[in-house]
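The figures here come from the full heavy-atom set of this structure, side chains too, leaving out hydrogens, waters and symmetry mates.
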Amino acid sequence: MDDPLTPRESAKFIAENSREVFIDGGGVRRVAELLLPQVSSPELRLEGWKALHELNPKAADEAAVNWVFVIDTLNFSFWSEQDDHKCLVGYRGKTYSGYWSLCAAINRALDEGIPITSASYYATVTLDQVRHLLRSDTDVAMPLIDERHRILNETGKILLAKFEGSFLNCVRKSEKSAQKLMHLVVENFPSYRDVTQFEGKRISFYKRAQILVADTWSVLEGKGDGCFKDISSITMFADYRLPQILAHLGALKYSEELLEKLRKGEMLSYGSKQEVEIRGCSLWCVELIRDCLLELIEKKGEKTDEEINSILLDYYLWDYARDHREDMKKIPFHRTRCIYY
C-alpha cells in the first residue's frame, strides 16, 4: 500500500477540497499580528515548555525522555461530556483537568514509587493498576481507560523488544531528523498511526507522533540527541482544542450546518468528512499563520534567536485556548472519541 500523504501535504489537500471548513485570510493575518508581540517572550520560545509548565520534567535526561514517551502514548481524548462534571486529579495542592490531569497522575504515581515510565512495568501493568494510577478525585474516570491500558501494554512490549526499553534509543536511531523519528514511531507503534481517507487519498495527521517529536525536542532543549535539524518540518498537532481557538479568533470558518452540529454536541466519527476537514484546515491554517508571522517579523526587522516554527505556535495557541476557555464557548470544540487525539 502506498504511503499516505504527509501531515503537511494532507492539510494542503484537505484545505483545497474542503466544503464545510474554510480558512479566512484576514483572520490568519490577525492571529499573526496577535502573536507578533510575543515573539521574544518565553511563550513562543523553546524554553517555555519547561519554564511555563510546572508538571513537565526539568531535567534533560533519559528518564525525562521516557516520561515524555509515556505521556504522549496516552495523550488522547480528555474532553468531558459535561463541563461541570469532569475527571480531576489533585497533585501537590493543585487540581488538574484535561491533558494536565494525565501529567499530574503520572507524576503522582512516580512520587508513590510506582515505575510508570519504565517499559518493563507498563508492558505488563493490569487494567486495575491503570485504573488506580489514573484515578480521578471525582466520580468521572479518565476517558477510554481500557484503551489506555491496552496501548500501554502493547507499547511497552514493543519498546522492550525493539529499543531495549528506552525511548531514547529510538530517538538516537533518528540521526537527529524529526521526520525520521516521526516515521520510526509510526512504523513501530500501532497506536500512533493516525491515518485515514479523504476524497480518495490516504492522508495522515500523526498528531501524537508529531507531538512526541516536539516534546522530545523540548525536553532535551533542542540539544544533543534532541537537536533535530529539520524540526521546522513538524506541523501543529491536529486535535479538538486548536480548531476551536482558530475559529474563535476568526482564522477558521465553519458552515452553518457544521456549526449547528457542534452546538448540539453531536459526535463526529474519526475519519468522517467533517472531522477530517476540521483537523486538516486547522493544520493548514497554522502553517499560513506561521508564514504570515515570519513575514511580519522580517518587515519589522526583528531578530529572533530561533526560528518560529509550527510547534511553538501550537504550544502557544493551546495555552491561549486554555486561558480563554470561557470566551470560546460560542464555537464549541468538535467531539470525536478516539485514541489519536
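- For Glu164, the CD atom counts as loosely surrounded, since its 6.0 Å shell holds 12 or fewer non-hydrogen atoms of other residues, nucleotides or ligands.
- Under the 3.5 Å distance criterion, the side-chain polar atoms of Ser310 are left unmatched by any main-chain donor or acceptor of Glu287.
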- Can you list the steps and then say if Val186 with Val195 is a side-chain contact (heavy atoms from CB on, under 4.5 Å)? CA-CA 10 Å; Val186 169; Val195 173; 5.7 Å; no
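- For Lys157, the NZ atom counts as densely surrounded, since its 6.0 Å shell holds more than 12 non-hydrogen atoms of other residues, nucleotides or ligands.
- A single hydrophobic cluster is seen to contain both Leu36 and Tyr316, as judged by linkage of ILVMFWY side chains at heavy-atom distances under 4.5 Å, directly or through other members.
- By the rule that hydrophobic residues join a cluster once side-chain heavy atoms approach within less than 4.5 Å of another member, Leu160 and Val125 end up as members of separate clusters.
- Note that Arg335 lies outside the cation-pi zone of Tyr240, set by a 6.0 Å cut-off to the ring centre and a 45° limit from the axis.
- Side chain to side chain, Glu154 and Ser191 fail the donor-acceptor criterion of an N or O pair below 3.5 Å.
- No more than 12 heavy-atom neighbours from other residues, nucleotides or ligands sit within 6.0 angstrom of NZ on Lys173.
- Across all non-hydrogen atoms, the minimal contact from Arg8 to Leu283 is CA-CD2, 4.5 Å.
- Geometrically, Arg337 engages Trp79 in a cation-pi contact defined by less than 6.0 Å to the ring centre and at most 45° from the axis.
- Residue Lys50 qualifies as enclosed at atom NZ: its count of foreign heavy atoms under 6.0 Å is above 12.
- No side-chain donor from either of Ser272 and Glu275 sits under 3.5 Å from a side-chain acceptor of the other.
- With rounding to the nearest 0.5 Å, the separation of CG in Leu258 from CG in Leu268 is 6.5 Å.
- A salt bridge links Lys94 with Glu54: the distance from a Lys NZ or Arg NE/NH1/NH2 to an Asp or Glu carboxylate oxygen falls below 4.0 Å.
- Note on Val130 and Val140: separate hydrophobic clusters, where clusters join Ile, Leu, Val, Met, Phe, Trp and Tyr whose side-chain heavy atoms are under 4.5 Å apart, directly or indirectly.
- With hydrogens and angles disregarded, no donor-acceptor distance shorter than 3.5 Å links the side chain of Thr336 to the backbone of Tyr270.
- Atom CZ of residue Phe163 and atom CG of residue Leu184 lie 5.5 Å apart, to the nearest 0.5 angstrom.
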- Task: For Ile211 and Asp239, run side-chain contact (heavy atoms from CB on, under 4.5 Å): C-alpha distance rounded to whole Å, both residues' side-chain angles, the deciding distance at 0.1 Å, then the answer.
- Result: CA-CA 11 Å; Ile211 204 168; Asp239 67 354; over 6 Å; no
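- At a threshold of 4.5 Å between side-chain heavy atoms, the hydrophobic network of Ile, Leu, Val, Met, Phe, Trp and Tyr places Leu144 and Val89 in two separate groups.
- Within a 6.0 Å sphere centred on CG of Asp84, heavy atoms belonging to other residues, nucleotides or ligands number more than 12.
- Rounding to the nearest 0.5 Å gives a distance of 12.5 Å between CD1 of Ile289 and CZ of Arg29.
- The main-chain N or O of Glu175 is found under 3.5 Å from a side-chain atom of Lys229 such that the two form a donor-acceptor pair.
- The pair Arg322-Asp319 counts as a salt bridge, with a side-chain nitrogen and a carboxylate oxygen less than 4.0 angstrom apart.
- Ring geometry for His183 versus Tyr206: interplanar angle over 60°, hence perpendicular rather than tilted (30 to 60°).
- For Trp318 and Tyr99, the distance between ring centers is under 6.0 angstrom.
- One N or O on the side chain of Asp230 and one on the backbone of Ala178 form a donor-acceptor pair closer than 3.5 Å.
- Ion pairing between Arg30 and Glu33 fails under the 4.0 Å rule for side-chain N and carboxylate O.
- Atom-to-atom distance recorded for Ser233:OG and Gln210:CD is 8.0 Å, nearest 0.5 angstrom.
- No side-chain donor-acceptor contact under 3.5 Å links Asp225 to the backbone of Leu220.
- The backbone N or O of Ser204 lies less than 3.5 Å from no partner atom in the side chain of Arg193, so there is not a single donor-acceptor pair.
- Between the side chain of Tyr192 and the main chain of Thr73, a donor-acceptor pair closer than 3.5 Å is present.
- Sorted by first then second residue, the ring-ring contact (aromatic ring centres under 6.0 Å, His included) pairs that include residues 50-76, not counting sequence neighbours, are His53-Trp100, Phe69-Phe167, Phe69-Phe189.
- Salt-bridge annotation for Glu16 and Lys12: present, with a side-chain N of the basic residue lying under 4.0 Å from a carboxylate O of the acidic one.
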- Derivation and outcome, side-chain contact (heavy atoms from CB on, under 4.5 Å), residues Ile71 and Asp215: CA-CA 10 Å; Ile71 290 290; Asp215 288 349; 5.5 Å; no
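- In this structure, NZ in Lys253 is found 13.0 Å from SG in Cys281, a value given to the nearest 0.5 Å.
- Separating the CD atom in Glu20 from the CG atom in Leu259 is a distance of 10.0 Å, to the nearest 0.5 Å.
- For Glu277 and Arg19, the salt-bridge test fails: no basic side-chain N is under 4.0 Å from an acidic carboxylate O.
- For Glu326, the salt bridge (charged side-chain N to carboxylate O under 4.0 Å, His left out) partners at least two apart in sequence or on another chain are Lys329.
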- Message: Using side-chain contact (heavy atoms from CB on, under 4.5 Å), reason through Lys207 and Arg279 one step at a time and then give a plain yes or no.
- Response: CA-CA 10 Å; Lys207 184 265 179 180; Arg279 294 182 81 202; 3.6 Å; yes
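- Aromatic rings of Phe205 and Tyr340 (six-membered ring for Trp) have centroids beyond the 6.0 Å cut-off, not under it.
- The environment of NZ in Lys264 is sparse: at most 12 heavy-atom neighbours from other residues, nucleotides or ligands sit within 6.0 Å.
- Side-chain atoms of Ser136 come within 3.5 Å of backbone N or O of Leu88 as a donor-acceptor pair.
- Heavy atoms of other residues, nucleotides or ligands lying less than 6.0 angstrom from CD of Glu298 number 12 at most.
- In this structure a side-chain-to-backbone donor-acceptor pair under 3.5 Å is missing from Arg108 to Tyr91.
- Neither Leu52 nor Leu46 shares a network with the other; the hydrophobic side chains, linked directly or stepwise wherever heavy atoms of I, L, V, M, F, W or Y lie under 4.5 Å apart, form separate groups for each.
- At distances below 3.5 Å, not a single donor-acceptor pair connects side-chain atoms of Ser177 with backbone N or O atoms of Ser174.
- One finds no salt bridge joining Arg208 and Asp72 here, because no Lys/Arg side-chain nitrogen approaches an Asp/Glu carboxylate oxygen to under 4.0 Å.
- Under 3.5 Å, the side chains of Asp128 and His132 contain no donor-acceptor pair of N or O atoms.
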